[in-house]
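In what follows, a structure is listed as structure tokens, so that the remarks can point back to it.
Proteins get letters first, then strands, A, B, ... in listed order; numbering begins at 1 in each.
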Amino acid sequence: GAVVSQHPSWVICKSGTSVKIECRSLDFQATTMFWYRQFPKQSLMLMATSNEGSKATYEQGVEKDKFLINHASLTLSTLTVTSAHPEDSSFYICSAQWGGGTDTQYFGPGTRLTVL
Amino acid sequence: KQEVTQIPAALSVPEGENLVLNCSFTDSAIYNLQWFRQDPGKGLTSLLLIQSSQREQTSGRLNASLDKSSGRSTLYIAASQPGDSATYLCAPGGSSGSRLTFGEGTQLTVNP
């Protein structure tokens, strides 16, 4: 099956710093990538949808200036959490989709962010 | 706004038992529905994808059904094994196709 990787798998940072998380599709070209956030004991919440070469579409309530998404190539999308605060501590998961519409989303292993 | 409910929230069964996980969703205008497995602290593994025109999909010991009009899906696991222990998530895909809405999952424990 299709493989999606994330780096780093976990990160601890100080409050006020920025953290960049990478999402890569290893064996296919992803026209669309998605970023989700999952708090403990809760389900995944979609943060934004990004298409290669265009601006990301953010979900209601997600600050686009705080969560910067770049989808510069068909195999790489990055999420940068700017000026991170403890409430941003969460499990961030990306997914990638080859085609549009009804195609399967393949999920990365997730990145655990802890902001001190 | 799509809302997804999964019942039960947690389930503990002895090894070998057949079991059914339930998922209901409020907006029946979906393009597909996926079932995922999530192990603790890990990402998601796609188990089955059912298109809106289909009634069910099978993969090994797993069978997922979809009743789009009533907003329900079930995941049937036959002859459960301890390795099946995980959280199972249901996610209908919206009318835009790509957008998935997740339920809170069913935490399954299969005891040896």
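Within residues 101-112 of chain B, the residues having any heavy atom closer than 4.5 Å to a heavy atom of chain A are B:Phe102, B:Gly103, B:Glu104, listed by residue number.
In terms of heavy atoms, A:Ser18 sits closest to A:Thr82 at OG-CA, 3.4 Å. Nearest heavy atom pair, residue B:Arg37 against residue B:Gly83, reads NH2-O, 2.7 Å.
Using a 3.5 Å distance cut-off with no hydrogens or angles, the side chains of B:Thr26 and B:Glu3 do not pair a donor with an acceptor. Judged purely by distance below 3.5 Å, without hydrogens or angles, the side chains of A:Gln105 and A:Tyr36 pair a donor atom with an acceptor atom. Between B:Ser70 and B:Asp67, the side chains place a donor N or O and an acceptor N or O closer than 3.5 Å (distance only, hydrogens not considered).
For a residue to count as touching a neighbouring chain, one of its non-hydrogen atoms must lie under 4.5 Å from one of that chain's; by this rule A:Gln38 touches chain B with the side chain only. Both the backbone and the side chain of A:Leu44 come within contact range of chain B, with heavy atoms under 4.5 Å apart. Only the side chain of B:Gln38 comes within less than 4.5 Å of a heavy atom of chain A; its backbone N, CA, C and O stay farther away. With a 4.5 angstrom heavy-atom cutoff, B:Leu44 touches chain A via backbone and side-chain atoms both.
Surrounding NZ of A:Lys20 are at most 12 heavy atoms belonging to other residues, nucleotides or ligands under 6.0 Å away.
Taking the six-membered ring for Trp and the full ring otherwise, the centers of A:Phe107 and B:Phe36 sit less than 6.0 Å from each other.
Shown are A:Thr75, A:Leu74, A:Val4; of these, the side chain to side chain contact (heavy atoms under 4.5 Å, CB included) with A:Phe28 is made only by A:Val4.
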